[in-house]
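Throughout, protein chains are lettered first and strands after them, A, B, ... in sequence-line order, and every chain is numbered starting at 1.
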2 protein chains.
Amino acid sequence: MSKTKVHRLGDLQLKIMKVLWERGDGTVADVHLALGGGRDLAYTTIATMLRKMEARGLVRHRVDGRSFVYRPAVGSDAVTRGMSDHLLDRLFEGSLADLVTHLLTTREVSREELSRLEQLIAERKKSA
Amino acid sequence: MSKTKVHRLGDLQLKIMKVLWERGDGTVADVHLALGGGRDLAYTTIATMLRKMEARGLVRHRVDGRSFVYRPAVGSDAVTRGMSDHLLDRLFEGSLADLVTHLLTTREVSREELSRLEQLIAERKKSA
DNA sequence: CTTTATCTACTACCTGGGTAGTATTACCGC
DNA sequence: GCGGTAATACTACCCAGGTAGTAGATAAAG
């Protein structure tokens, strides 16, 4: 079951995960660089964060020379899903339609996006 | 601009807000009762939370006898929107279609819900 | 071999959510 | 008036995210 509580990732943690998902793996330096390379965040901040994230089971590391190479321990799908579901449940009692309704009425949605959605739903309806 | 940072509400805070949105206002006792009345949460927990929330600008209170009557200081729409947008931006770079795609492919969606969505989009397309 | 750059480890601090006990105040019934 | 009750205020924790400095180890450069 792996109740990893995969929702509730902070902004920074998510950014880090995204880097790792994209690259497959990466050292602290890699991640640091990918996130703007020091202008915003200290190197040690990334290092600390990665260590904390490993303790929480979000990433794993192997040793390469004197560097740690981190790689994701949870898939992007699981996280995305966990967070989406969490929001959906908290705000819309699980109703996808309610969420979409809300987004459609409070957001600017381009005609292209609407068409894309239409197609998605048609597709889904067919295969269900 | 009112940078109230209306996203990032904790679970309990959201529950409390929901009670207040529904009732219009309420005392600590009202909220406490609405949330199960002590089986889960201590009375003082709600009181503390409401005080903290007032400090953050989420609710306001007026005095009625010796009781505080709290009422929402932010609308449910603003919060819902703030949180949805936050997630949308963090996970899907703002693409509504991507979010829906994800939800459609990872969730069970009933045929009824699909039809509802279809209708929503058609409606929206017309009025845009 | 010594200096320097590069790693990780450790520690510390701040913020905010969550939880609740204890203290104090004030009203209400007798 | 007095005791109980119900209300807020205060204080204190714990946890997790975020941020970063400092220390210690080690490899690379000279």
Side-chain angles (χ1 to χ4, degrees), chain A residues 3-19 25-33 35-71 74 79 82-83 86-87 90, chain B residues 3-19 25-33 35-71 74 79 82-83 86-87 90:
Chain A
K3 274 265 176 292
T4 328
K5 262 191 206 159
V6 96
H7 53 91
R8 197 148 293 183
L9 280 233
D11 284 9
L12 179 56
Q13 297 189 346
L14 192 58
K15 278 184 205 152
I16 292 174
M17 288 309 288
K18 280 190 175 186
V19 172
D25 61 17
T27 63
V28 176
D30 291 333
V31 175
H32 184 228
L33 210 75
L35 295 183
R39 264 183 291 281
D40 322 315
L41 291 168
Y43 181 95
T44 52
T45 298
I46 307 294
T48 303
M49 215 58 224
L50 277 167
R51 228 169 323 105
K52 285 190 176 182
M53 286 165 76
E54 183 158 37
R56 280 205 49 204
L58 294 170
V59 299
R60 266 197 283 277
H61 84 274
R62 73 187 147 81
V63 180
D64 178 43
R66 53 181 169 147
S67 294
F68 283 11
V69 181
Y70 288 93
R71 69 183 175 82
V74 293
V79 171
M83 293 181 68
H86 189 56
L87 184 96
R90 270 158 40 107
Chain B
K3 273 265 175 292
T4 327
K5 263 189 207 159
V6 95
H7 52 93
R8 197 149 294 184
L9 281 234
D11 284 9
L12 179 56
Q13 297 191 345
L14 192 58
K15 278 184 205 151
I16 292 175
M17 289 309 289
K18 280 189 175 185
V19 172
D25 61 19
T27 63
V28 175
D30 292 332
V31 176
H32 185 227
L33 210 75
L35 294 183
R39 265 183 292 281
D40 322 316
L41 290 167
Y43 181 95
T44 51
T45 298
I46 307 294
T48 303
M49 214 58 224
L50 277 167
R51 228 166 327 103
K52 285 190 176 183
M53 286 165 75
E54 182 159 38
R56 278 204 51 205
L58 294 171
V59 300
R60 265 196 285 275
H61 84 273
R62 74 188 146 80
V63 180
D64 177 42
R66 54 184 166 144
S67 295
F68 282 10
V69 180
Y70 287 93
R71 69 184 175 82
V74 294
V79 170
M83 293 181 67
H86 189 58
L87 184 96
R90 271 160 36 110

Expected list for residues 44-54 of chain A: side-chain donor-acceptor pairs under 3.5 angstrom, two or more places apart:
residue : atom : partner : partner atom : Å
A/T48   : OG1  : A/T44   : O            : 2.8
A/E54   : OE1  : A/H61   : ND1          : 2.8
A/E54   : OE2  : A/H61   : N            : 2.9
A/E54   : OE2  : A/H61   : ND1          : 2.8

Next item on the list: Grab the CG-P distance between B/L58 and C/dG16 for me, whole Å please.
Entry: 12 Å
Check: A/M83 and A/V6: which non-hydrogen atoms are nearest, and at how many Å?
Finding: CG-O, 4.1 Å
Margin query: Could you work out, with side chain to side chain contact (heavy atoms under 4.5 Å, CB included) as the rule, every residue matching A/D40, not counting sequence neighbours?
Written below: none
Margin query: In whole Å, I'd like the distance from the CD1 atom of A/I46 to the P atom of C/dA9.
Written below: 16 Å
Notebook entry, point to check: What integer distance in Å separates A/Y70:OH from C/dC7:P?
Noted result: 13 Å
With the criterion being N/O to N/O and under 3.5 Å, what pairs connect the protein with nucleotides 1-7 of chain D, and how long is each?
residue : atom : partner : partner atom : Å
D/dA7   : O5'  : B/Y43   : OH           : 3.4

Notebook entry, point to check: Rounding to a whole Å, what distance do you find between B/E54:CD and C/dG16:P?
Noted result: 16 Å
Which atom pairs, one a donor and one an acceptor, fall under 3.5 Å between side chains of residues 9-17 of chain A and the rest of the protein, sequence neighbours left out?
residue : atom : partner : partner atom : Å
A/D11   : OD1  : B/R8    : NH2          : 2.9
A/D11   : OD1  : B/R90   : NH1          : 2.2

Next item on the list: Encode nucleotides 18-25 of chain C as B, S and - characters from 5' to 3', where the letter depends on protein heavy atoms closer than 4.0 Å: B to the base, S only to sugar-phosphate, - to neither.
Entry: BBBBB---
Next item on the list: Compute whether any side-chain donor of one residue and acceptor of the other, for B/S67 and B/D64, lie under 3.5 angstrom apart.
Entry: no
Item checked: Residue pairs fulfilling ring-ring contact (aromatic ring centres under 6.0 Å, His included) with at least one residue in residues 39-58 of chain A, sequence neighbours excluded -> A/H32-A/Y43
Next item on the list: Determine the minimum heavy-atom distance between A/V28 and A/Y70, stating which atoms define it.
Entry: CG2-CE1, 3.9 Å
Item checked: Audit row: B/V63, B/F68, side-chain contact (heavy atoms from CB on, under 4.5 Å) steps and yes/no -> CA-CA 5 Å; B/V63 180; B/F68 282 10; 3.9 Å; yes
Next item on the list: Whole angstrom is fine here: how far is it from CZ in A/R56 over to P in D/dG18?
Entry: 10 Å
